[in-house]
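Down below is the structure, laid out as structure tokens.
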Number of protein chains: 2
Amino acid sequence: MSVPTIEPGAKKPVPEEPPDAGERHRLTAVTGLAALSLDAMASVAYGPEAIVLVLAAAGAHGLGFTLPVTLAIAALLAVLVASYRQVIAAFPDGGGSYAVAKAHLGRRTSLVAAGSLVLDYVLNVAVAVTAGVAALTSAFPALYGQRLWLCLAVLVVITAVNLRGIVESARVFLVPTAVFVASILALIAVGLFRSAPVSTAAADGHASVLADDATTVGALLLLKAFASGCSALTGVEAIANAVPSFRSPRARRAQHAEVALGAVLGVMLVGLSVLISRFHLQPVEGVTVLAQLADASLGHNAAFYVVQFATMILLALSANTSFGGLPVLLKLLARDHYLPHVFALKADRQVHRHGVLALAAVSAALLVFSGGDTNTLVPLFAIGVFVGFTLAQAGMVVHWCRERGARWRARTALNGTGALLTGVSAVVVTATKFQDGAWLVVIALPVLVLAFEAVRRAYARIGERLGVGRLPDPPHRDRSLVIVPVAGLSRLTGEALNAAASLGDEVRAVTVCFPDAEDRAQTHALERSWAEWNPGVALISLPSAHRSLGRPVAEYVRAAAEPGTRVTVLIPEVEPERLWQRLLQNQRGAVVAHAVRRETGAVICRLRVRPA
Amino acid sequence: MSVPTIEPGAKKPVPEEPPDAGERHRLTAVTGLAALSLDAMASVAYGPEAIVLVLAAAGAHGLGFTLPVTLAIAALLAVLVASYRQVIAAFPDGGGSYAVAKAHLGRRTSLVAAGSLVLDYVLNVAVAVTAGVAALTSAFPALYGQRLWLCLAVLVVITAVNLRGIVESARVFLVPTAVFVASILALIAVGLFRSAPVSTAAADGHASVLADDATTVGALLLLKAFASGCSALTGVEAIANAVPSFRSPRARRAQHAEVALGAVLGVMLVGLSVLISRFHLQPVEGVTVLAQLADASLGHNAAFYVVQFATMILLALSANTSFGGLPVLLKLLARDHYLPHVFALKADRQVHRHGVLALAAVSAALLVFSGGDTNTLVPLFAIGVFVGFTLAQAGMVVHWCRERGARWRARTALNGTGALLTGVSAVVVTATKFQDGAWLVVIALPVLVLAFEAVRRAYARIGERLGVGRLPDPPHRDRSLVIVPVAGLSRLTGEALNAAASLGDEVRAVTVCFPDAEDRAQTHALERSWAEWNPGVALISLPSAHRSLGRPVAEYVRAAAEPGTRVTVLIPEVEPERLWQRLLQNQRGAVVAHAVRRETGAVICRLRVRPA
């Protein structure tokens, strides 16, 4: 997942870091690796499994191709890392497919990149949560039946944490990432010294999903395996997005982190697939491949549970990064007027809730759609990731061709290869997984882009009409007439007339009078006590034939609005002491305000008076 | 069901009828019978069935008691009709248990009556809808499996119709009621000439719910049957509630209608139960007793379907009456400050939606709770109805004892008997059906009453604090300082300063400035163009360390509020042209308004400017 933030889950995008924040807050190669590699590392929990599941369709014979496919993916990883080193050098202010595409591929394309990023953020939550729960249910098979509920519970927790707002720091992520990587590497190391599984306890009694041996393993199947496995590459771009949050020399440190990430990730992927082949591991239902590997090489003991828990924690954290990253992306898009400005609103925490809640809702829908099964979601995930990769690489190709700096041909070739490979993978995974849900992405992506542009157009039109940028006419003072709707006599009325007297050159009170006998009686009573009070303000009663409260006031306001007169409607309301007392408010004020706003151009003042 | 309205489903309660409406709009004995007897007539669709189902627990031997039990109910009906004739005479302005109890039994008791009425309205919807669908599924057994969905669909339709607002007229109800009554009477007449069922096609192949013969049929069983069957009496009070909507002589016409209602209802009930005994009819699952009777006496032909459709239509209409009646009752309660005043808000239709939607939601919950089965709901229904009956009768007893008019002893005895019988029935049905859901009513009723009183207390406290009734101090004029938060320069800003200049003796513009570099740049740009525009209003930039938008403004307002100065915050906002464009509004205005309202006593003006 690309997380254009200082730290994963951070609420502030890079440009907003206060200038006084200083270098010491920034990332070294190591802390950067910990903070930003989370998603990439976590993806080894579902990447290899995705390969094995596809190949299992061709039986044990097919599983034999696990290692070759993984090596191909590792090669692609190498290309990606190399070309992201170049992205880092070329975009020291933070690259990411959106930035690169915006710079070199034009507006429309950059929107496609943005759309795919949005989809990635959402899918990352769903994939990470389901994979995390799968790690848990592999350790405790009894929970397998409840996995959807577990997923939703985890989602609720993450959402709640993000709504409260969490203080993030790279250090938080250092430990779990380290534990996870260490345990995986240990798993691999130990496994390499074994000729046969030390235990198969986890998988025992679970139905194998292995098909009968196929006579031939088709190229299409291998492509599918490759495409699904590439989901293990998600997150390698995160570092490139966050260059500015490294200590200077930023680019150099970021490049080191990127290379380290690629190396560790590659070792883990290849190592795991070697073990898969060596232990002739077969995918079973309800136990992840990673769990079987831990079982096989470490044995069904404490170590096994350590791996499972480390995996679950890391996946939960990686889901959490979306909650940090998506609001930031939405903010960037809102600044460019592609999304409602509310996402770019600089204000108290509360405002991020829009983004967090939206993300939670869509993720929940995806979890239900997938029934809590990771492997339903992984292909969808891969599509968006590849679209992003492809656009970033393509953008770099344009970049080099324009710049024609040193060794530009080699660099162009490198990024071009990356673009080609990821582009092909994108097409393959979309085509092969179309019925299995890929259609969802194929529909969602264009819809998102069209929505972005519709919003942009609407803002442009409104801005034009408002004459944004042009200097408005100098202000002039009009005679001020303040109209106060009243229904009875109380301190509320008194306060309202005080305010009106201060605001207006002339003040008039109006009361709406309904035809029914008892209402007319009420009005007469009000008129009597008004005369007794004698505030020096005329009380005009407006007859309402059609039992409408707002329209008579609106009509009176329209009639009173002569040129040179600024009409203001001042509506007094009780400010409830406690929240539930809001229910007690008669909505007269709201009804009148609504009608006046709809039918006149008058200023609407609402005066809240506390009963105390 | 008691429907204190001109016509069932009418949106206007009696006292609100415009005086000019004239006599011709009012009801004769016949149209009144049609308009107000709907619920009572419809209840024969589930009343007899309720009896049979209880007696079936004692086998065929038990079913033998159907006629005696029905005769007892008919006797109670006679007493009720007679005593409601007296209610009509005593409360020519419309009685109903709420009015009677309020007049003679004190506040608290009248609230119990009101609560039971509310429950009735809600349960009436659920019972009528389920019974209507049962009539349909009896004709088309294939639909029986989907009955819950059918119920919800019918509810949705009724709700939609009531949300759109329907033009009601007694005539609308004349035809279906007539058709229904005629077909039932025909069914009975024909049936009486038959010695054996002409057809049992409808019931064939359905599981009988008849138990083995019990040696003895206990008194408790008979009481239960009686209590359940009394649900057939629901609605006999409707006419007494609506006396003012009859043509004069109102009381006399209403009394005639009441007696006619009693006669027709009694004939139908007794006639049906005679047929039940004669045909040795057994309750089966999935086919209503009424459907079996139609089958038995008219044969499984067109006539059978006519009866079923007439029943379904009438039940749907009787469900609809709740949507007309409940909002009116809520309005009466709100006027007495027992419910939020919004229910009494005299304004355009829209306001009724509160009541309609609430009713629909609760009814839907009941439908799901009952799984779409009428007989689960009938006992709950009966409780509320009996509580209402009992209170009305008891109130009349007090009435006569106080008045001591002609033949007051006889009248007291009559109403007393009614109160006793209905009171006993209420206790019996509650006790016997407690586990089957009656507990719901036993909890809901007191909760409602307590809620009514809590609301009343809250209003009293607020009114006291606001000095409602007392004359407020005479208004005085303060110096007016208007503060305008601005974020940029556009026609919006111009309009805002125009309004501010008209409203204030002094105007100040403020802009919130965030620490980030790019934000500072924006602020400087704004300050430059402000100087260029030179509107004669100072622009004060408020630094915001904690990226809060509202607090700096609120703090500035608090600081500026000296005694003798009325501070007004004028917030300019764009009025979106289309609804979806509301999404485009940056919520800056809302955020600032919220903070200022929470932290200061300033007047908040929101100026909507149309972009066009």
Side-chain angles (χ1 to χ4, degrees), chain A residues 15-16 18-19 340-342 345-348 458-459 462 465-468 471-478 480 488-494 497-499 501-503 514-516 518 532-533 535 547-550 566 568 574 581 583-584 586-588 591 597 603-608 611-612, chain B residues 15-16 18 340-342 345-348 458-459 462 465-468 471-478 480 488-494 497-499 501-503 514-518 532-533 535 547-550 566 568 574 581 583-584 586-588 591 597 603-608 611-612:
Chain A
E16 292 197 4
H341 285 159
V342 67
L345 179 52
K346 287 207 192 61
D348 324 6
Y459 273 127
I462 294 173
R465 297 240 180 104
L466 284 177
V468 171
L471 288 184
D473 310 334
H476 56 87
R477 189 181 193 296
D478 292 330
S480 164
L489 265 191
S490 71
R491 230 186 68 234
L492 198 61
T493 333
L497 288 197
N498 285 344
S502 316
L503 291 173
F514 291 104
D516 327 338
E518 83 181 87
E532 185 187 345
W533 181 34
R547 7 192 31 79
S548 161
L549 180 65
R566 160 80 53 180
T568 303
V574 181
Q581 293 185 343
L583 297 173
L584 300 184
N586 66 23
Q587 298 297 322
R588 300 176 68 93
V591 171
R597 182 182 310 127
V603 188
I604 295 170
C605 287
R606 301 180 78 161
L607 173 66
R608 302 294 189 113
Chain B
E16 293 197 1
H341 285 160
V342 66
L345 179 54
K346 286 208 196 59
D348 323 5
Y459 273 126
I462 293 173
R465 295 243 181 101
L466 284 176
V468 172
L471 288 185
D473 310 332
H476 56 88
R477 189 182 193 296
D478 292 328
S480 164
L489 265 190
S490 72
R491 230 186 67 235
L492 197 61
T493 332
L497 287 197
N498 286 342
S502 316
L503 292 172
F514 291 104
D516 326 338
E518 84 183 86
E532 187 187 344
W533 182 33
R547 12 190 27 79
S548 161
L549 180 66
R566 161 79 54 180
T568 304
V574 181
Q581 293 185 343
L583 297 173
L584 300 185
N586 66 23
Q587 298 297 321
R588 300 177 67 95
V591 171
R597 182 183 308 128
V603 187
I604 294 170
C605 287
R606 302 181 78 161
L607 172 66
R608 302 295 187 117

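Letters A, B, ... mirror the listed sequences (proteins, then strands); counts begin at 1. Keep in mind that the numbers below use all heavy atoms, side chains included, and drop hydrogens, waters and symmetry copies.
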Which residues satisfy the salt bridge (charged side-chain N to carboxylate O under 4.0 Å, His left out) test with B:R606, sequence neighbours excluded?
->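 Salt bridge (charged side-chain N to carboxylate O under 4.0 Å, His left out) list for B:R606, sorted by chain: B:E573.
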Between A:T568, A:L492, A:V574, A:L503, which has the largest tally of heavy atom pairs under 4.5 Å with chain B?
->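 Counting heavy-atom pairs under 4.5 Å, the top option is A:L503.
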Taking every heavy-atom pair that is under 4.5 Å apart, which of A:I462, A:L497, A:L466 has the most such pairs with chain B?
->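 If we count pairs closer than 4.5 Å to chain B, A:L466 comes out on top.
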Would you give the length of the straight line joining atom CZ of A:R597 to atom CG of B:L607, rounded to the nearest 0.5 angstrom?
->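 Here the interatomic distance stands at 11.0 Å.
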Enter the distance from A:R588:CZ to A:L549:CG here, rounded to the nearest 0.5 Å.
->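 A:R588 atom CZ to A:L549 atom CG measures 5.0 Å (nearest 0.5 Å).
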Contacts of type side-chain contact (heavy atoms from CB on, under 4.5 Å), residue A:P472, not counting sequence neighbours |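 Checked A:P472 against side-chain contact (heavy atoms from CB on, under 4.5 Å); matches are B:L489, B:W533.
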Non-hydrogen atoms of chain A under 4.5 Å away: do they reach the side chain of B:N498, the backbone, both or neither?
->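 Both parts, heavy atoms under 4.5 Å.
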Pick from B:P475, B:A499, B:P474, B:P340: which one has the most heavy-atom pairs with chain A under 4.5 Å?
->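 Highest number of pairs under 4.5 Å: B:P475.
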In terms of heavy-atom pairs under 4.5 Å, which option from B:P535, B:S502, B:S490, B:A458 contacts chain A the most?
->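 Heavy-atom pair counts peak at B:S502.
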Under 4.5 Å heavy-atom distance to chain B, tell me which part of A:R566 shows up: side chain, backbone, both or neither.
->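 Only the side chain of A:R566 comes within 4.5 Å of chain B.
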